[in-house]
> 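Structure below; questions to follow.
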There are 2 protein chains.
Amino acid sequence: MEQNKIPQATAKRLPLYYRFLNNLQMQGKTRVSSKELSEAVKVDSATIRRDFSYFGALGKKGYGYNVEYLLGFFRKTLDQDELTDVALIGVGNLGTAFLNYNFTKNNNTKIVLAFDADPNKSGKEIGGVPIFHIDDLEEKLGNVKVAILTIPATEADRVTERLVSKGIKGILNFTPARISVPDDVRVHHIDLAIELQALVYFLKHYPLDTKEEVL
Amino acid sequence: MEQNKIPQATAKRLPLYYRFLNNLQMQGKTRVSSKELSEAVKVDSATIRRDFSYFGALGKKGYGYNVEYLLGFFRKTLDQDELTDVALIGVGNLGTAFLNYNFTKNNNTKIVLAFDADPNKSGKEIGGVPIFHIDDLEEKLGNVKVAILTIPATEADRVTERLVSKGIKGILNFTPARISVPDDVRVHHIDLAIELQALVYFLKHYPLDTKEEVL
DNA sequence: GTCAATTTGTGAAAAATATCACGACTTATT
DNA sequence: AATAAGTCGTGATATTTTTCACAAATTGAC
């Protein structure tokens with residue numbers, strides 16, 4: 001676990017940087033400054049420099065950063081070379097969106113199997129990912145450590161418990177339920193309804209002419 | 001407007017509190033303590049009390065909070081009574097998920113129309129929401145001020161520009177593109193691929209036995 | 001080679017957020 | 001009525017994150 005001194009706020013921005021550096025490279029750019037990158041990813045340039053500095057001196061004064069070098073560095077740091085298997089639980093509209101989305105491109109994660117309670121869906125495939133019945137979760141899950149939860153909120157607790165007891169260590173939870181897990185399991189909540197409400201709240205209650213970007 | 005002293009971090013939690021208070025009321029509970037609420041929403045109880053305190057003294061020492069009262073208060077604060085119209089741009093899997101999701105229940109937002117570039121989709125309806133062709137955006141958008149962007153990243157800039165020039169003030173952006181907007185337009189990015197990558201990164205690089213919950 | 005223009009890396013300061021911890025008050029019990 | 005248990009509201013503190021601002025290094029032009 002090498003550098004656990006990296007602030008979480010920084011860690012969350014790393015994949016974003018990585019993706020934009022990839023874009024730059026594909027555009028044939030060889031160098032980039034924190035200022036340019038700042039405009040592209042909408043993060044303050046001082047913040048970008050600070051973020052990078054946690055990994056050492058990656059740039060060159062008066063020059064900026066070498067795209068190729070930086071990209072190579074982040075590839076290692078973000079473990080882009082090893083693919084992490086992911087299970088998708090719940091093949092509704094949202095789940096289907098994930099299956100069709102080609103995560104593996106520019107990404108170190110891959111959805112390798114999916115589950116759904118609808119028997120009509122089991123046995124089929126979407127985006128090359130096989131779908132199994134939720135009853136077969138324990139049997140089929142194998143050694144997958146990360147799950148995306150796109151099921152009805154009412155099922156969240158029960159399914160989470162099964163996932164956890166099968167050894168899942170990370171859950172990306174799209175249900176409105178706030179699930180309970182042991183201390184060694186990490187949950188990220190993405191609550192679409194709340195995001196929308198928060199946006200509306202900010203629109204109505206916060207001054208509309210600052211440059212701040214929230215979230 | 002009114003209280004712009006409320007910290008943004010607090011503002012983002014308000015819709016969450018609101019939803020759980022609703023749940024409590026439906027369960028017939030009349031009172032709740034910050035401790036109970038803390039367990040339900042997974043936010044530290046001191047943080048909850050602090051959050052509530054920005055609105056004044058809403059609770060009672062030794063008793064907790066009256067669910068009905070608190071709910072009424074937040075209903076006003078979060079403008080739950082006035083419905084905000086929202087436009088959905090891009091009726092793919094993700095967009096369809098939004099259309100089928102009944103936002104209006106427990107919510108102050110409503111998707112009133114959708115757009116897509118696929119002519120086969122225009123004229124149809126999903127979840128009671130009419131779908132128009134993207135070419136008719138300017139004509140049909142009307143006075144809607146908030147948009148959900150679920151289109152391919154390549155289209156993001158062009159569509160954003162059109163939305164902005166038609167008067168949109170808030171955008172919930174699900175594309176990987178970081179869009180540029182004038183200072184008076186608010187954008188929240190929700191980047192699904194990055195969320196997944198960040199989760200994987202945390203799993204690999206951060207101690208796995210703390211109680212912290214990130215997002 | 002010199003000089004102006006860039007741009008990093010970072011100490012220091014500021015801002016934002018979260019948490020501790022306790023006095024004050026309420027409720028419930030006996 | 002007194003006491004114990006529970007709980008808020010908040011001053012103070014701690015932690016995290018962002019931003020400023022500038023010395024040092026590099027580049028590129030002439």
Side-chain angles (χ1 to χ4, degrees), chain A residues 3-14 16-17 21 24 29-67 69-70 73-74 198 202 205-207 210-215, chain B residues 3-14 16-17 21 24 29-67 69-70 73-74 198 202 205-207 210-215:
Chain A
Q3 328 247 40
N4 61 3
K5 18 179 179 274
I6 293 157
Q8 300 211 348
T10 296
K12 280 197 235 166
R13 283 186 291 261
L14 295 182
L16 181 63
Y17 296 147
L21 288 170
L24 287 176
K29 282 227 177 198
T30 57
R31 61 182 271 191
V32 66
S33 69
S34 60
K35 188 147 162 283
E36 285 174 273
L37 206 48
S38 169
E39 276 152 29
V41 302
K42 319 284 184 200
V43 171
D44 185 88
S45 68
T47 301
I48 292 177
R49 292 200 300 282
R50 174 78 62 195
D51 283 346
F52 288 2
S53 77
Y54 291 117
F55 299 99
L58 303 176
K60 224 185 213 174
K61 297 179 183 185
Y63 173 88
Y65 300 90
N66 180 289
V67 173
Y69 176 75
L70 206 51
F73 185 85
F74 278 125
F202 280 122
H205 295 272
Y206 283 72
T210 50
K211 73 228 161 280
E212 49 178 345
E213 189 130 312
V214 190
L215 182 109
Chain B
Q3 326 248 41
N4 60 1
K5 15 178 180 275
I6 292 158
Q8 299 210 349
T10 296
K12 280 196 229 167
R13 283 187 292 262
L14 295 182
L16 181 63
Y17 296 147
L21 287 170
L24 287 177
K29 282 225 175 200
T30 56
R31 61 183 267 192
V32 65
S33 69
S34 61
K35 188 149 161 283
E36 284 174 274
L37 206 49
S38 169
E39 277 152 30
V41 300
K42 319 285 184 198
V43 171
D44 185 89
S45 67
T47 301
I48 292 177
R49 293 200 299 281
R50 175 78 64 196
D51 283 346
F52 287 1
S53 78
Y54 292 116
F55 300 99
L58 303 177
K60 225 187 213 173
K61 297 177 183 185
Y63 173 89
Y65 301 90
N66 180 290
V67 173
Y69 176 75
L70 206 51
F73 185 85
F74 278 124
F202 280 123
H205 295 272
Y206 283 72
T210 50
K211 74 230 162 281
E212 48 179 346
E213 190 129 314
V214 192
L215 180 117

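Being a predicted model, the structure only gives us computed values, none of them experimental. In the text below, chain A, chain B and the rest are named by the order of the sequence lines, each starting its count at 1.
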> What's the shortest heavy-atom distance between B:T30 and B:Y63, and which atoms?
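Reported closest heavy-atom pair: O-OH, 4.2 Å.
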> Does C:dG11 have OP1 or OP2 sitting under 4.0 Å from an N or O in the side chain of A:R49?
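Negative; the distance criterion is not met.
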> Across the strands shown, which category fits B:F52 at heavy-atom distances under 4.0 angstrom: base, sugar-phosphate, nothing?
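No contact.
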> Can you tell me how far C1' of D:dT18 sits from CD of A:Q8, to the nearest Å?
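Distance check: A:Q8 CD to D:dT18 C1' gives 16 Å.
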> If you check the A:Y65 side chain, which of C:dT8, D:dC8, D:dT17 turns out closest?
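Selected nucleotide (nearest to the side chain): C:dT8.
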> Look at the side chain of B:K60 and decide which nucleotide, out of C:dT27, D:dT17, D:dT7, has an atom nearest to it.
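Within the option list, the nearest is C:dT27.
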> What pair of heavy atoms forms the shortest contact from A:S34 to A:R49, and how long is it?
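Looking at all heavy atoms of both residues, the closest pair is OG-NH1, 3.1 Å.
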> Of the candidate nucleotides C:dT17, C:dT27, C:dT19, which contains the atom at the shortest distance from the side chain of B:P7?
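Of all the options, the side chain of B:P7 is nearest to C:dT17.
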> Specify the separation, in whole Å, of atom CD1 of A:I48 and atom C1' of C:dT8.
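Nearest whole value for this atom pair: 13 Å.
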> If you pin A:D44 and A:K61 to their nearest nucleotides in DNA chain D, which one's is more 5'?
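The 5'-side residue here is A:D44.
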> Could you say whether B:T47 or B:R31 is positioned toward the 5' end of DNA chain C, judged by the nucleotide with the nearest heavy atom to each?
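The residue whose closest nucleotide sits nearer the 5' end is B:T47.
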> In whole Å, I'd like the distance from the OH atom of B:Y63 to the C1' atom of C:dA24.
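To the nearest whole Å, that distance equals 19 Å.
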> So if I take every side-chain heavy atom of A:S34 and compare against C:dT27, C:dT17, C:dT8, which nucleotide ends up nearest?
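Nearest to the side-chain atoms of A:S34, counting from C-beta on, is C:dT8.
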> Without decimals, in angstroms, what is the distance between A:F55 CZ and C:dT10 P?
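Between P of C:dT10 and CZ of A:F55: 14 Å.
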> Show the nearest heavy-atom pair for residues A:E36 and A:R31, with the distance to one decimal.
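The answer is OE1-O, 4.3 Å.
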> For the pair made of CG in B:D51 and P in C:dT17, what is the distance, rounded to whole Å?
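My rounded result for the distance is 10 Å.
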> Is A:R50 side chain donor-acceptor paired with the D:dT18 base, going by distance under 3.5 Å alone?
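Side chain to base: no pair present.
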> Between atom NZ in A:K12 and atom P in D:dT18, what is the gap in whole Å?
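From A:K12 NZ to D:dT18 P: 9 Å.
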> Just wondering, do B:L14 and B:F55 contact through their side chains at under 4.5 Å, heavy atoms?
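Yes, at least one pair of side-chain atoms sits under 4.5 Å.
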> To the nearest Å, give me how far apart NZ (B:K35) and P (D:dT7) are.
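Taking atom P of D:dT7 as the reference, NZ of B:K35 is at 7 Å.
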> Tell me which nucleotide among C:dT10, D:dC8, C:dT17 gets nearest to the side chain of B:A9.
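Shortest atom-to-atom distance from the side chain points to C:dT17.
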> Find out whether B:F52 and B:L70 are in side-chain contact, i.e. whether some heavy atom of one side chain is under 4.5 Å from a heavy atom of the other.
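When only atoms from C-beta onward are counted, B:L70 and B:F52 do touch, with a gap below 4.5 Å.
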> B:L37 CG to D:dC8 C1': how many Å, rounded?
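About 13 Å, once rounded to whole Å.
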